[in-house]
Amino acid sequence: MKYEEIILIQSENNILMVYTDEDSYEYHGRLYQVKDELPNMFIEASRSAIFNYQKIDHLEILGSGMIDVILENQMRVGISRRKIKILKGRLGL
């Protein structure tokens with residue numbers, strides 16, 4: 001699988017899921033191990049999710065001040081408060 005095809009990598013119930021436009025795959029490994037191998041097009045959203053920022057459809061600001069990223073496949077990823085600054089910097093906001 002090419003990195004450009006990956007939209008989201010997320011840890012769910014101790015299982016690492018890799019999502020593409022068309023499919024999802026289980027990966028046997030830890031998120032921190034995968035994170036070290038990913039190119040610069042990926043942003044850490046939280047301790048349990050990394051997404052491809054080139055696949056962002058739009059951002060949604062929630063009433064609590066939190067930000068959700070809506071990806072091209074309509075998956076929603078919550079951005080932790082500590083990662084908002086990184087996201088804004090990468091997007092030039």
Side-chain angles (χ1 to χ4, degrees):
M1 173 183 313
K2 296 178 183 176
Y3 290 123
E4 296 82 23
E5 297 174 359
I6 298 172
I7 293 179
L8 173 66
I9 302 170
Q10 188 167 347
S11 179
E12 301 171 2
N13 300 322
N14 294 324
I15 298 171
L16 198 61
M17 297 298 296
V18 178
Y19 296 94
T20 64
D21 284 326
E22 299 174 6
D23 230 337
S24 62
Y25 304 92
E26 282 187 30
Y27 179 80
H28 299 285
R30 301 277 187 195
L31 190 61
Y32 72 88
Q33 294 168 327
V34 174
K35 179 182 148 187
D36 293 337
E37 298 176 20
L38 294 172
N40 198 28
M41 69 180 74
F42 289 89
I43 297 176
E44 189 175 6
S46 64
R47 284 193 230 166
S48 62
I50 298 173
F51 67 95
N52 183 341
Y53 82 91
Q54 296 174 341
K55 302 285 186 172
I56 293 175
D57 185 58
H58 64 278
L59 302 177
E60 189 172 305
I61 299 174
L62 306 175
S64 62
M66 298 294 292
I67 296 176
D68 275 2
V69 172
I70 312 302
L71 300 168
E72 289 176 352
N73 65 353
Q74 298 308 306
M75 289 188 77
R76 180 180 292 264
V77 181
I79 304 297
S80 73
R81 291 184 189 268
R82 290 178 283 181
K83 305 296 180 183
I84 289 174
K85 185 176 180 178
I86 295 168
L87 174 65
K88 286 181 176 181
R90 188 74 62 89
L91 297 176
L93 301 175

*Cluster link Ile70 to Met17, ILVMFWY, side chain under 4.5 Å*: no
*Shortest non-hydrogen contact between Val77 and Ala49, atoms and distance*: CG1-CB, 4.2 Å
*To the nearest 0.5 Å, how far apart are CG in Leu16 and OG in Ser48?*
10.0 Å
*Would you find a donor on one side and an acceptor on the other, under 3.5 Å apart, between the side chain of Asn52 and the backbone of Ile6?*
yes
*Kindly compute the distance separating OG1 (Thr20) from CD (Glu5), expressed to the nearest 0.5 Å.*
7.0 Å
*Hydrophobic side-chain clustering at under 4.5 Å (ILVMFWY, transitive links): who's grouped with Met66? Put none if nobody.*
Leu62
Considering only distance and modelled atom types, tabulate donor-acceptor pairs under 3.5 Å from the side chains of residues 31-44, sequence neighbours left out.
{"unit_1": "Gln33", "atom_1": "OE1", "unit_2": "Arg30", "atom_2": "N", "d": "2.9"}
{"unit_1": "Lys35", "atom_1": "NZ", "unit_2": "Glu44", "atom_2": "OE1", "d": "3.0"}
{"unit_1": "Glu44", "atom_1": "OE1", "unit_2": "Lys83", "atom_2": "NZ", "d": "3.4"}

*List the steps and the verdict of side chain to side chain contact (heavy atoms under 4.5 Å, CB included) for Val69 and Tyr53.*
CA-CA 9 Å; Val69 172; Tyr53 82 91; over 6 Å; no
*Heavy-atom count around Glu22 CD within 6.0 Å, excluding the residue itself: above 12?*
no
*When rounded to the nearest 0.5 angstrom, what distance separates CD1 in Ile84 from NZ in Lys88?*
6.5 Å
*pair Ile79-Leu59: side-chain heavy atoms closer than 4.5 Å*: no
*asked:* Once side chain to side chain contact (heavy atoms under 4.5 Å, CB included) is applied, do any residues pair with Asp21, and if so which ones, sequence neighbours excluded?
replied: Ile7, Lys55, Glu72
*Distance from Ser46 atom OG to Phe51 atom CZ, nearest 0.5 Å?*
10.0 Å
*If you measure from CD on Gln10 to CE on Met75, what distance do you get to the nearest 0.5 Å?*
5.5 Å
*Roughly how far, to the nearest 0.5 Å, is OG of Ser80 from CD1 of Ile67?*
10.5 Å
